[in-house]
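First the structure, in the form of structure tokens, and then the observations on it.
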Amino acid sequence: MNSNEFRFFSESEKRFPDCTSLPIGLLIKSLFVKARRRSWGRLADRNARLVWTTSAVSDAEGPTANVRNYLDHCTIRNILTDVAGGRKLSRACELGCGYGRVIMVLKEFADYVTGFEREQVLVDVASGLLPEITFQRVDSLATVQDEPYDLAMICTVLQHLTDDEARRVCEALKSLARRGHVLIIEKTEPFRITTNIEQGSQFISRDRSVQTYEDYMRPFRLVRTYERHVEPSYGNPSPGTCMLFQSPDSSNA
């Protein structure tokens, strides 16, 4: 946009992506979907599932997203340094890897890395950006099965699932890392509305205590917790906890 166009937008709007660069067809479709959502879509979409897109994977964008990703990478890198203990892991994976926002750190510590994701569009984006990592589309994170991994990770996914779904995904994590470690990074402290189902989106955001995840992960043992750090401007003073669990069959047990 030029300086004459720029003046029509508020300071907060100026931080958004340049919508004037979007194709007219996309803008028309977006207006149609918004109108549909506010009318008959409320009834027609009651049983429709939420589809995660690249913009929905994280609630940060632009400069904020850069800082968020950097801080998450640093935290995960520090945790994996403790887990690896100076050696190279053989296999590591992430459930609900999205477009690969944090999975790239696993590649620094493991020879073979796999990302499991439900949304095909996110798998396509991740595969193009990180060809050295294997990405697989799955129908459900709760039914993922594979050869054993030294470490299985999930990051800010369980907080968007119902309790029953979260339990089943934890079972899948334990199966994948049946002789290794599981790293769970999730919201653990209540903040404002902890369960929010928006009209037309079926979006859920739910905190669970560390004790709850300990119960979900038994007989895996919680060996250490780490505070999750995000950008200072983030509204939630307690954005989450990184919980490292160890299998009772781990060689390091």
Side-chain angles (χ1 to χ4, degrees), residues 1 6-19 21 50 52-84 92 94-109 115 117 122 125-126 129-130 151 153-161 166 181-198 201 203-214 222-245:
M1 289 184 289
F6 207 57
R7 62 190 176 89
F8 292 109
F9 296 88
S10 68
E11 290 303 316
S12 61
E13 290 170 338
K14 291 173 184 176
R15 299 190 182 98
F16 295 154
D18 185 1
C19 294
S21 65
L50 174 66
W52 292 87
T53 61
T54 54
S55 60
V57 167
S58 174
D59 59 359
E61 60 184 10
T64 302
N66 292 338
V67 175
R68 171 85 59 86
N69 293 342
Y70 168 76
L71 293 173
D72 276 335
H73 289 185
C74 287
T75 299
I76 295 171
R77 187 175 291 114
N78 289 338
I79 296 171
L80 293 184
T81 298
D82 292 342
V83 172
E94 181 184 8
L95 263 63
C97 63
Y99 58 80
R101 187 179 74 86
V102 297
I103 195 173
M104 60 192 72
V105 181
L106 298 186
K107 190 61 181 175
E108 300 175 19
F109 293 85
E117 172 56 47
L122 299 181
V125 171
L129 292 173
L130 301 166
L151 179 127
M153 177 176 73
I154 193 164
C155 181
T156 62
V157 172
L158 297 174
Q159 64 195 41
H160 300 304
L161 302 180
H181 291 81
V182 171
L183 175 59
I184 296 178
I185 304 172
E186 300 291 340
K187 182 167 61 175
T188 55
E189 298 291 336
F191 178 71
R192 295 177 183 169
I193 299 175
T194 58
T195 300
N196 178 30
I197 302 179
E198 298 176 347
S201 71
F203 178 81
I204 298 173
S205 179
R206 178 173 298 167
D207 64 88
R208 297 182 181 91
S209 67
V210 173
Q211 178 62 57
T212 297
Y213 284 114
E214 280 192 89
L222 179 64
V223 294
R224 188 172 175 183
T225 60
Y226 306 74
E227 184 180 355
R228 185 188 179 205
H229 298 282
V230 297
E231 68 281 0
S233 59
Y234 190 59
N236 188 347
S238 302
T241 304
C242 307
M243 296 162 278
L244 182 64
F245 294 88

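- When the side-chain contact (heavy atoms from CB on, under 4.5 Å) test is applied to Thr225, the partners found at least two apart in sequence or on another chain are Val210, Leu222, Thr241, Met243.
- Proximity of Ile204 to Leu161: side-chain heavy atoms (C-beta onward) are nowhere separated by under 4.5 Å.
- For Arg228 against Thr156, the heavy-atom pair with the smallest separation is NH1-CG2, 3.7 Å.
- To the nearest 0.5 Å, atom CG of residue Asn236 and atom CD of residue Glu189 are 9.0 Å apart.
- To the nearest 0.5 angstrom, Asp82 atom CG is 13.5 Å from Arg77 atom CZ.
- Minimum heavy-atom separation, Leu130 to Gly100: CD1-O, 3.8 Å.
- Side-chain contact between Tyr213 and Leu158 is present, with heavy atoms from C-beta onward closer than 4.5 Å.
- Tested against Met153, the residues Leu95, Val182, Ile76, Ile79 include a single side-chain contact (heavy atoms from CB on, under 4.5 Å) partner, Ile76.
- One distance of note links CD of Glu227 with OG1 of Thr75; it measures 9.0 Å at 0.5 Å rounding.
- Side-chain contact between Gln159 and Asp207: absent, with no pair of heavy atoms (C-beta onward) separated by less than 4.5 Å.
- Counting only heavy atoms from C-beta outward, the side chains of Thr188 and Ser238 never approach each other to under 4.5 Å.
- Across every non-hydrogen atom of Phe245 and Glu214, the tightest pair is CE2-CA, 4.0 Å.
- Here the CD1 atom belonging to Ile184 is positioned 9.5 Å from the CG atom belonging to Leu244, to the nearest 0.5 angstrom.
- Ala126 and Gly98 get closest at one heavy-atom pair: CB-O, 4.1 Å.
- Considering every non-hydrogen atom in both Cys97 and Glu117, the closest pair reads N-OE1, 3.5 Å.
- Annotation: side chain of Leu80 is not in contact with side chain of Glu108 (no heavy-atom distance under 4.5 Å).
- Considering only heavy atoms from C-beta on, Tyr226 stays 4.5 Å or farther from Asn78 through its side chain.
- Across Val157 and Gly96, no two heavy atoms sit closer than the pair CG2-O, 3.7 Å.
- At least one side-chain heavy atom of Phe109 sits less than 4.5 Å from a side-chain heavy atom of Thr81.
- Residues Cys155 and Glu94 form a side-chain contact, since some pair of their non-hydrogen atoms from C-beta on lies under 4.5 Å apart.
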Run the side-chain donor-acceptor check on residues 63-70: report pairs under 3.5 Å with partners two or more places apart or on a different chain.
unit_1, atom_1, unit_2, atom_2, d
Arg68, NE, Glu231, OE1, 2.7
Arg68, NE, Glu231, OE2, 3.3
Arg68, NH1, Asp59, OD1, 2.9
Arg68, NH2, Asp59, OD1, 3.0
Arg68, NH2, Glu231, OE2, 2.7
Asn69, OD1, Arg101, NH1, 2.8
Asn69, ND2, Ala65, O, 3.3

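- By the side-chain hydrogen bond (donor to acceptor under 3.5 Å, both in side chains) test, Ser233 pairs with no residue at all, sequence neighbours left out.
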